[in-house]
Amino acid sequence: MIKNWIALLGANATGKSTRVTEYTKSLGPADRVLDYTFEKNGEMKTIKGAGHIWGDMMVVGRPTRDGLKWVGGDHTMGVLGSIACVEQFFIDMDELGIKTMVFEAYFGNNSSMYRPERLHQFFENVHHYWFLYDELQQYIDRTENRSGQTWEEKGKDAETSAGWKSNVSYFKSLAINFEQVEGTNSTVQRVAIDAPKDWLVGEMQDLSKGVL
């Protein structure tokens with residue numbers, strides 16, 4: 001069983017990828033870049049850059065070609081596609097000697113696969129950090145800043161967009177997360193969307209003093 005699962009989850013354009021990027025930069029070059037080969041529907045597939053490994057810690061995914069952002073679970077778990085394949089990935093990483101897995105994603109965060117109860121089948125400790133908008137205007141400001149266009153210029157309505165609807169739905173997953181870590185060594189907490197870019201660097205240092 002892998003010791004630690006550390007995941008940044010939540011809404012679109014909240015800076016999850018940016019914070020993982022800052023963390024990986026603080027570590028320097030990876031000891032190993034993992035290309036993961038697996039079987040799906042009778043075919044062998046390979047995910048290039050499925051994870052970057054430092055010692056016995058893996059950060060799921062890879063940087064973009066320009067190196068400015070990290071593509072984590074949306075890349076690796078997106079290609080794996082099914083819960084069965086994701087579970088096999090965890091089993092294989094355990095056999096590889098991984099002790100800590102760091103993960104960030106937007107797609108699939110409501111999946112039962114990423115609920116603490118299920119993750120505890122593969123990880124001793126689960127630490128979830130949720131990045132969510134409390135107000136629609138927060139979402140509008142962040143997404144417009146990222147795209148360089150207003151929602152009006154795009155001819156779309158922010159309130160009916162998939163990104164905002166996902167944000168609203170994630171509050172239910174957050175509540176379930178809180179319920180499922182009660183009485184365990186695992187943790188769930190919200191992180192402010194305006195937390196510093198290097199927030200994860202400090203958080204990982206704090207965790208290393210206790211559980212890593």
> Quick one: does any side-chain atom of Q138 pair with a main-chain N or O of E135 as donor and acceptor, under 3.5 Å?
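Yes; at least one donor-acceptor contact below 3.5 Å.
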> Does the side chain of N125 come within less than 4.5 Å of K3's, by heavy atoms?
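K3 reaches N125 side chain to side chain.
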> Find out whether M58 and L34 are in side-chain contact, i.e. whether some heavy atom of one side chain is under 4.5 Å from a heavy atom of the other.
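When only atoms from C-beta onward are counted, L34 and M58 do touch, with a gap below 4.5 Å.
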> In chain order, what residues pass the side-chain hydrogen bond (donor to acceptor under 3.5 Å, both in side chains) check against R32, with sequence neighbours excluded?
none
> CG of L119 to NE2 of H127: how many Å apart, nearest 0.5 Å?
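Here the interatomic distance stands at 12.0 Å.
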> Does any part of the side chain of V20, heavy atoms only, come nearer than 4.5 Å to the side chain of L8, both counted from C-beta?
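Counting from C-beta outward, L8 and V20 do come under 4.5 Å.
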> Is it true that I176 and Y114 fall in one hydrophobic cluster, defined by side-chain heavy atoms closer than 4.5 Å?
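No, because I176 and Y114 fall into different hydrophobic clusters, even though each may have its own neighbours under 4.5 Å.
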> With a 3.5 Å distance limit and no angle check, can you tell me whether E39 reaches the backbone of K45 through a side-chain donor-acceptor pair?
no
> Would a distance-only check, ignoring hydrogens and angles, find a side-chain to backbone donor-acceptor pair under 3.5 Å from D94 to M1?
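Side chain of D94 to backbone of M1: a pair is present.
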> Given the rule in the side chain to side chain contact (heavy atoms under 4.5 Å, CB included) test, do R190 and D134 qualify, once you have shown the distances and angles that lead to the verdict?
CA-CA 11 Å; R190 283 191 63 183; D134 288 305; 3.0 Å; yes
> If I take atom OG from residue S82 and atom CG from residue N41, how far apart are they, to the nearest 0.5 angstrom?
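It is 8.0 Å, given to the nearest 0.5 Å.
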> Heavy atoms, side chains only, cut-off 4.5 Å: are V188 and L174 in contact?
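They are in contact (side-chain heavy atoms under 4.5 Å apart), so the answer is yes.
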> Looking only at non-hydrogen atoms, find the nearest pair between D56 and G97 and report the distance.
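Residues D56 and G97, closest heavy atoms: CB-O, 3.6 Å.
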> Would I140 and I193 show up in the same hydrophobic cluster when neighbours are defined by side-chain heavy atoms closer than 4.5 Å?
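Yes, same cluster.
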> Can you tell me if E152 has over 12 outside heavy atoms packed within less than 6.0 Å of its CD?
no
> Can you name the closest pair of heavy atoms from L136 and E159 and give their distance?
CD2-CB, 3.9 Å
> Grouping I, L, V, M, F, W and Y whenever their side-chain heavy atoms are under 4.5 Å apart, do L207 and W5 come out in a common cluster?
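In one cluster: no.
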> Under the side-chain hydrogen bond (donor to acceptor under 3.5 Å, both in side chains) rule, what do Y106 and S17 come out as? Steps first, then yes or no, please.
CA-CA 9 Å; Y106 166 63; S17 172; over 6 Å; no
> Taking P29's backbone N and O only, do any of them form a donor-acceptor pair with W54's side chain (distance below 3.5 Å, no angle check)?
yes
> Would you say the side chain of T184 lies within less than 4.5 Å of the side chain of H120, judging by non-hydrogen atoms?
yes
> More than 12 heavy atoms of other residues, nucleotides or ligands under 6.0 Å from NZ of K48: yes or no?
no
> Using a 6.0 Å cut-off, check whether atom NZ of K156 has over 12 heavy atoms from anything other than its own residue.
no
> Applying side chain to side chain contact (heavy atoms under 4.5 Å, CB included) between S186 and each of N177, V126, N4, report the one that passes.
V126
> Mark yes when over 12 heavy atoms from residues, nucleotides or ligands other than Q137 sit less than 6.0 Å from its CD; otherwise mark no.
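Counting neighbours around CD of Q137, more than 12 heavy atoms of other residues, nucleotides or ligands fall under 6.0 Å, so yes.
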> How close do S111 and I83 get, heavy atom to heavy atom, and via which atoms?
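It is OG-CD1, 4.3 Å.
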> Would you kindly confirm whether I53 and L200 end up in one hydrophobic cluster when ILVMFWY residues are joined by side chain heavy atoms under 4.5 Å apart?
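No: no chain of side-chain contacts under 4.5 Å links I53 to L200.
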> Examine distances only and state if a side-chain atom of H128 and a backbone atom of L9 form a donor-acceptor pair shorter than 3.5 Å.
no
> Judged by atom type as modelled, is there a donor-acceptor pair below 3.5 Å linking the side chain of T76 to the main-chain atoms of G73?
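The answer is no, because no donor-acceptor pair under 3.5 Å joins these two groups.
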> Please answer whether the main-chain N or O of L80 pairs with a side-chain N or O of K40 as donor and acceptor at a distance below 3.5 Å.
yes
> Does CG in D157 sit with more than 12 non-hydrogen atoms of other residues, nucleotides or ligands closer than 6.0 Å?
yes
> Once salt bridge (charged side-chain N to carboxylate O under 4.0 Å, His left out) is applied, what residue pairs with a partner in residues 98-122 remain, sequence neighbours excluded?
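The answer is E87-R118.
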> Any ring-ring contact (aromatic ring centres under 6.0 Å, His included) involving residues 168-187? Give me the pairs, sequence neighbours left out, ordered by first then second residue.
W130-Y170
> Test side-chain hydrogen bond (donor to acceptor under 3.5 Å, both in side chains) on Y129 and E203; report intermediate values, then the result.
CA-CA 10 Å; Y129 300 94; E203 187 65 23; 2.7 Å; yes
> Going by heavy atoms in the side chains, are S147 and K154 under 4.5 Å from each other?
yes
> Do the non-hydrogen side-chain atoms of W70 and Y23 ever get within less than 4.5 Å of each other?
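SC-SC contact between W70 and Y23 ruled out.
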> Give a yes or no on whether the backbone of V71 and the side-chain of H75 come within a donor-acceptor separation of less than 3.5 Å.
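No: the side chain of H75 does not pair with the backbone of V71.
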> Using 30° and 60° as the class limits, which term best fits the ring planes of W164 and Y133: parallel, tilted or perpendicular?
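Ring orientation of W164 relative to Y133: tilted.
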> Got F103 and M77 here, is their nearest side-chain heavy-atom distance under 4.5 Å?
yes
> Looking only at heavy atoms, which two atoms of N109 and G10 are closest? And how far apart?
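Shortest heavy-atom contact: ND2-N, 3.0 Å.
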> Just checking F89 against F38, ring centres under 6.0 Å apart?
no
> If you apply the rule side chain to side chain contact (heavy atoms under 4.5 Å, CB included), what do you find for I6 with T100, and how did you get there?
CA-CA 8 Å; I6 299 164; T100 295; 3.8 Å; yes
> Does the R146 side chain pair with the main chain of R142, one donor and one acceptor, at a distance under 3.5 Å?
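It does not hold such a pair.
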> Pick from N12, T14, L132: which one makes a side chain to side chain contact (heavy atoms under 4.5 Å, CB included) with N167?
L132
> If every non-hydrogen atom of G49 is compared with every non-hydrogen atom of R62, which pair is closest and at what distance?
O-CB, 3.6 Å
> Can any side-chain N or O of T150 pair as donor or acceptor with the backbone N or O of E153 at less than 3.5 Å?
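Yes, T150 side chain to E153 backbone: donor-acceptor pair under 3.5 Å.
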> For the pair D206 and M204, evaluate side chain to side chain contact (heavy atoms under 4.5 Å, CB included) and give the outcome as yes or no after the intermediate values.
CA-CA 5 Å; D206 290 342; M204 291 296 288; over 6 Å; no
> Indicate whether any N or O donor in one side chain lies under 3.5 Å from an N or O acceptor in the other, for N110 and S173.
yes
> Please name the pair of heavy atoms, one in K16 and one in A105, separated by the smallest distance, quoted to 0.1 Å.
CE-O, 3.0 Å
> With a 4.5 Å cut-off on side-chain heavy-atom distances among I, L, V, M, F, W and Y, is there a chain of contacts connecting M113 to Y36?
yes
> side-chain hydrogen bond (donor to acceptor under 3.5 Å, both in side chains), that's the test. Do T143 and W151 meet it? Break it down for me.
CA-CA 9 Å; T143 51; W151 283 92; 3.0 Å; yes
> Any chance you could measure F122, atom CZ, to M101, atom CE, to the nearest 0.5 Å?
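Here the rounded value is 11.0 Å.
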> For the CG atom of D194 and the CZ atom of F131, what is their distance to the nearest 0.5 Å?
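It is 10.5 Å, given to the nearest 0.5 Å.
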